[in-house]
Asks: 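Take this structure first; my questions come after.
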Amino acid sequence: MAEPITLADDGSLVVPDEPIVPFIEGDGTGVDIWPAARAVLDAAAARHGHRVGWTEVLAGEKAYRETGEWLPTETVEAFRRYRVGIKGPLTTPVGGGIRSLNVALRQILDLYVCLRPVRWFRGVPSPVRHPERIDMVVFRENIEDVYAGFELAEGSAEAKKLLEYLADELGWELRSDSGIGLKPISITGSKRLQRAALDYAIARGRRSVTLVHKGNIMKFTEGAFKAWGYELVAEEYDGRAVGWDDCGGDSGERVLVKDVIADAFLQQILTRPDEYDVIATTNLNGDYISDALAAQVGGIGIAPGANVNGVTGHGVFEATHGTAPRYAGLDKVNPGSLILSGVLMFEHLGWHDAADDIVAALEATIAEGVVTYDFARLMDGATEVRTSEFAAAIVERL
């Protein structure tokens with residue numbers, strides 16, 4: 001019988017053999033990729049004595065058709081109550097309403113870590129010469145920065161009032177026809193993200209954590225993010241991690257913490273990506289970086305994503321690509337992103353054997369040239385299969 005996931009006194013998840021897990025099918029191609037992903041997840045779980053008590057909740061176009069709401073309260077409450085859930089891609093409403101359903105869920109549930117592991121799978125076509133050198137895990141701050149949504153439209157009464165205040169009180173002469181957005185970066189938001197990245201690196205035996213920022217220009221936001229990261233290392237990680245300036249790059253058995261300007265980082269992930277391991281960065285930088293890295297290893301079609309709160313144990317795992325509505329119902333698109341997001345969910349639950357099985361089976365399937373159309377058109381001698389057939393091929397190789 002399916003039971004809820006709970007939180008132990010020490011902050012760890014208590015996961016029954018059949019946890020209740022809410023899912024959102026997703027808009028567009030969600031109708032194709034969700035059944036495929038579910039088939040793989042169910043098969044891998046069963047091999048290790050687990051079952052998933054799936055329960056559907058609504059968001060996006062399906063929710064709007066059935067309830068008149070893009071993100072019903074019942075859906076948010078289900079994710080809050082059951083702690084862990086998974087979702088396909090969602091449409092962002094146009095012309096009003098919620099700015100982004102994905103951002104709304106992250107903010108409402110305070111899912112402050114966006115976790116994006118990026119690695120190459122043998123056989124996947126790539127636009128770079130050595131994709132195998134890329135093995136990074138991006139920790140993107142998920143709540144603050146320009147995604148916080150503090151914006152005023154050009155010409156609005158609120159914008160005019162703020163422009164007058166900035167001119168009168170700070171001497172900032174901005175153009176009168178400006179839209180205005182705020183970029184909040186806090187000590188609290190920065191350090192809890194950086195702490196998650198450091199704890200991950202230490203627990204997984206990773207070599208380094210790199211703070212990626214644009215602090216040479218935005219000194220009191222992104223520059224502060226960098227400074228707070230080094231401060232955190234000194235305050236809480238003695239003997240386990242060390243900043244570059246304190247060891248000259250020779251960290252010994254400790255995790256090395258370093259930093260790099262965002263534009264230089266985007267160059268170096270092309271020229272020497274093997275120098276980077278775990279990445280901790282601000283929200284907007286993380287958005288650019290994770291997609292740029294995904295492109296180097298085959299595209300966001302197989303890029304997983306997780307949004308988690310390490311304190312409460314809440315996590316929403318999601319496909320990172322869009323809805324691609326013109327392909328909806330054609331049983332054509334690559335379900336890899338959602339499958340690998342399910343892998344992250346299993347790891348979050350502590351089902352590591354099942355997660356490892358999926359990764360190995362997916363890689364074996366691709367290496368044998370059994371792929372969906374997006375890879376088949378780029379590979380010599382590939383066998384093009386449908387979405388459902390690709391999932392079946394992975395299950396066969398578990």
Asks: I'd like to know if the side chain of Ser156 and the backbone of Ala159 have a donor-acceptor N/O pair within less than 3.5 Å.
Replies: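 Checking the backbone N and O of Ala159 against the side chain of Ser156, a donor-acceptor pair under 3.5 Å is found.
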Asks: For the pair Glu25 and Lys87, find out whether any cationic side-chain nitrogen is under 4.0 Å from an anionic carboxylate oxygen.
Replies: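 Between Lys87 and Glu25 there is no salt bridge, as every charged N stays at least 4.0 Å from the carboxylate O atoms.
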Asks: In terms of ring plane angle, is the pair Phe265 and Tyr276 parallel, tilted or perpendicular, where the classes change at 30° and 60°?
Replies: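 Geometry flag for Tyr276 against Phe265: perpendicular rings.
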Asks: Do the side-chain N and O atoms of Thr91 and Glu61 include a donor-acceptor pair separated by under 3.5 angstrom?
Replies: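 Present: a donor and an acceptor within the cut-off.
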Asks: Between Glu144 and Ser186, do the side chains contain a donor N or O and an acceptor N or O under 3.5 Å apart?
Replies: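 Yes, a side-chain donor-acceptor pair sits under 3.5 Å.
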Asks: Here's one to test your reading of the geometry: is the NZ or CZ of Arg80 within 45 degrees of the ring axis of Tyr82 and under 6.0 Å from its centre?
Replies: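 No cation-pi geometry.
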Asks: Among Asn307, Leu338, Val84, Val21, which one satisfies side chain to side chain contact (heavy atoms under 4.5 Å, CB included) with Phe317?
Replies: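 Going through the options one by one, the only one that passes is Val84.
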Asks: Can you classify the ring geometry of Trp54 versus Trp34 as parallel (below 30°), tilted (30 to 60°) or perpendicular (above 60°)?
Replies: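 Geometry flag for Trp34 against Trp54: perpendicular rings.
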Asks: Do the non-hydrogen side-chain atoms of Tyr373 and Asn334 ever get within less than 4.5 Å of each other?
Replies: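 Answer no - side chains too far apart.
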Asks: For Ser208 and Asp277, test the side chains for any donor-to-acceptor distance below 3.5 angstrom and give the result as yes or no.
Replies: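 Note: Ser208 and Asp277 side chains miss the donor-acceptor criterion.
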Asks: For the residue pair Tyr147 / Asn142, report whether a side-chain donor-acceptor contact shorter than 3.5 Å exists.
Replies: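 Tyr147 and Asn142 do not have a side-chain donor-acceptor pair below 3.5 Å.
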Asks: Does the distance from a Lys or Arg side-chain N to an Asp or Glu carboxylate O, for Arg133 and Glu275, drop under 4.0 Å?
Replies: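 Salt bridge flag = no for Glu275 with Arg133.
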Asks: Among side-chain atoms of Asn285 and His213, is any donor-acceptor pair under 3.5 angstrom?
Replies: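 No pair is found: no donor N or O on one side chain lies under 3.5 Å from an acceptor on the other.
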Asks: Is there a donor-acceptor pair closer than 3.5 Å between any side-chain N or O of Asp291 and the backbone N or O of Ile300?
Replies: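 Such a contact is absent between Asp291 side chain and Ile300 backbone.
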